[in-house]
Amino acid sequence: MKQNFRWFCKVEKYVANNQDYATEARSKSILNFKSRNADILNNKIKPVIFRKFVETRFISVNTIIEPNEVNGAGADRFQNVSQRHLENVYKYAKLTIGMPTTQEELKQRANRKVAPDEYNELNPMNDAENIVNDYITRMGNELILSDLIDKFKIAPYGWKDLAIIYIATELHKRKLRDFTYRNQARFPLNDFVNKALLTSERQLIGITSVEGISQDLINNALSAWLTIFNENIPHTSDGNMLFDTLLARLKVHKDNWHAVKNEYENYPFAKHLSELSDKLGDLLAVRDPKRLFENIYKDATFMASLMDQCRNIKDFADNSISDYKDIKRYCDNNEENFHQLDDENRNKVELLKAFFQSDSPANDFKTYKDIYKELKSAVTEKIKTLKEDAKVRYESIFDQLKALANENKVVPTIYADREYKLKAIASLNSITSLQLTLSQADRYLSDERSKILLEANRIEQERIRKEQEQKRLEDIANGKKPEPEQPIVS
């Protein structure tokens with residue numbers, strides 16, 4: 001067997017080195033060699049190997065496998081011994097059987113909703129979870145995900161990266177491990193899975209221990225929450241569960257108050273709504289349960305006061321914003337009229353201006369509505385009086401103009417239209433405009449009289465010219481020499 005195998009190898013080497021450039025005679029020799037080699041392989045070497053394979057011992061890691069420990073013959077025997085060898089090399093590989101093998105399966109199983117008390121003494125950790133958790137503990141309770149995968153993908157484990165990631169999610173659900181990403185604590189489970197599936201992100205993901213939270217701190221947080229939001233959360237000793245509950249409720253409050261702030265952001269009182277929205281956002285961004293509880297407890301008094309203030313503002317806005325806007329619009333539109341009021345009413349104007357700069361409009365709003373009504377009444381009365389005076393004055397003017405026009409036989413279209421002017425006066429709502437209209441009355445009368453008198457003079461000149469023309473025609477008809485045309489003196 002040994003000699004046959006040596007000869008077989010020599011011939012194979014000779015053929016490989018010479019067949020490409022062989023002469024015709026050498027080619028024939030090579031063909032003979034190949035034929036004899038095939039006969040040696042099939043009839044002298046293979047039968048011996050097949051016969052000895054059943055009797056052969058195998059070395060796997062540091063273990064010798066005796067022939068009688070392997071079943072089968074030929075290819076089946078080789079497959080069985082190979083499987084035995086792999087089991088010796090990767091002796092913990094079976095521990096991940098049944099774990100996710102695709103990314104989609106991993107996402108579905110990792111993100112499924114966990115039932116209350118699902119991970120209790122009746123559902124203990126499996127061997128793979130125990131091994132991984134103990135290893136993280138030995139590494140100081142803090143490990144990079146890429147290092148964890150590198151550890152367990154090699155012998156004696158040989159676990160797939162998807163299985164290792166899944167084990168980490170199970171330890172998280174058992175509240176034994178937390179995740180970090182770029183030093184962001186309490187990285188959400190769903191986000192962890194998405195990032196962990198990217199090889200480039202695994203260096204940035206950390207796995208840490210879950211920090212214990214004292215019952216006193218939990219109780220303080222619950223009490224502070226009641227003080228701030230007037231919401232009673234059931235008593236618990238599970239700090240992590242409470243953390244998740246508070247975050248969910250904080251998000252609801254943040255979204256609600258952010259919407260209120262956006263609705264009224266152009267008003268001075270929106271500063272408190274912005275402050276509350278920002279404060280809730282700051283709390284929502286905290287990813288460490290202990291720090292969140294401490295912040296809620298520390299700021300309870302301030303937050304409760306701010307919350308009460310914002311509730312008052314929202315109640316005011318919901319019930320009175322229409323009146324608020326009407327009063328503001330009236331003040332903006334009557335700025336000019338306010339300047340024409342007496343000192344007492346101008347002081348009221350200043351009070352209203354200060355009110356519209358206030359960040360607490362709910363306080364004494366009824367008082368300011370009364371001030372607005374008093375101002376509106378004063379402006380209305382002032383305008384009404386001025387309109388009456390202007391109407392009386394201009395009706396008198398038009399009576400004079402009518403009499404003058406009748407006296408001079410001038411048609412009404414020559415001077416201003418009475419109805420048009422009186423309607424224009426009636427449409428005025430500006431005190432200044434009405435005062436100006438009154439102050440211009442005498443000039444208006446003078447201007448309109450001039451129009452009438454000019455028209456009367458034109459009519460008189462036309463009459464004289466016609467008379468002169470008539471006399472001239474009569475003189476010509478009577479054979480008289482016409483008199484020279486006389487200039488018409490206006």
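The chain is numbered in sequence order, starting from 1. These numbers come from a predicted model, not from an experiment.
- Using cut-offs of 30° and 60° on the angle between ring planes, the pair Phe269 and Tyr267 is parallel.
- The existence of a salt bridge linking Asp282 and Lys279 is excluded, since no basic side-chain nitrogen approaches an acidic carboxylate oxygen closer than 4.0 Å.
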(request) In sequence, state the C-alpha distance, the side-chain angles, and the governing distance for Phe192 and Phe187, and then conclude on ring pair (Phe, Tyr, Trp, His ring centres under 6.0 Å). (result) CA-CA 7 Å; Phe192 163 78; Phe187 196 57; 7.6 Å; no

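- Taking the ring axis of Tyr166 as reference, the NZ or CZ atom of Arg109 stays within 45° of it and closer than 6.0 Å to the ring centre.
- Between Glu118 and Arg174 no salt bridge is recorded (no basic side-chain N to carboxylate O distance below 4.0 Å).
- Side-chain contact between Thr96 and Lys160 is absent, with no heavy atoms from C-beta onward closer than 4.5 Å.
- The closest side-chain donor-acceptor pair between Glu336 and Thr432 falls under 3.5 angstrom.
- Under 4.0 Å is where a charged nitrogen must lie from a carboxylate oxygen, and between Lys402 and Asp399 no such pair does.
- Leu273 approaches Val260 most closely through the heavy-atom pair CD1-CG1, 3.8 Å.
- Side chains of Asp342 and Asn345: a donor on one and an acceptor on the other come within 3.5 Å.
- The distance between the ring centers of Tyr444 and Tyr394 falls below 6.0 angstrom.
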(request) Could you give me the CA-CA distance, side-chain angles and deciding distance for Ser274 and Glu265, then say whether side chain to side chain donor-acceptor pair (under 3.5 Å) is met? (result) CA-CA 8 Å; Ser274 296; Glu265 62 184 349; over 6 Å; no

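- At a threshold of 4.5 Å between non-hydrogen side-chain atoms, the residues Lys314 and Trp257 count as touching.
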Can you give me every donor-acceptor pair (side chain of residues 359-367, partner residue at least two apart or in another chain, under 3.5 Å) with its distance?
{"residue": "Asp359", "atom": "OD2", "partner": "Lys271", "partner atom": "NZ", "Å": "3.3"}
{"residue": "Asp359", "atom": "OD2", "partner": "His272", "partner atom": "NE2", "Å": "3.4"}

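- By the 30° and 60° cut-offs, the orientation of the rings of Phe398 relative to Tyr415 is tilted.
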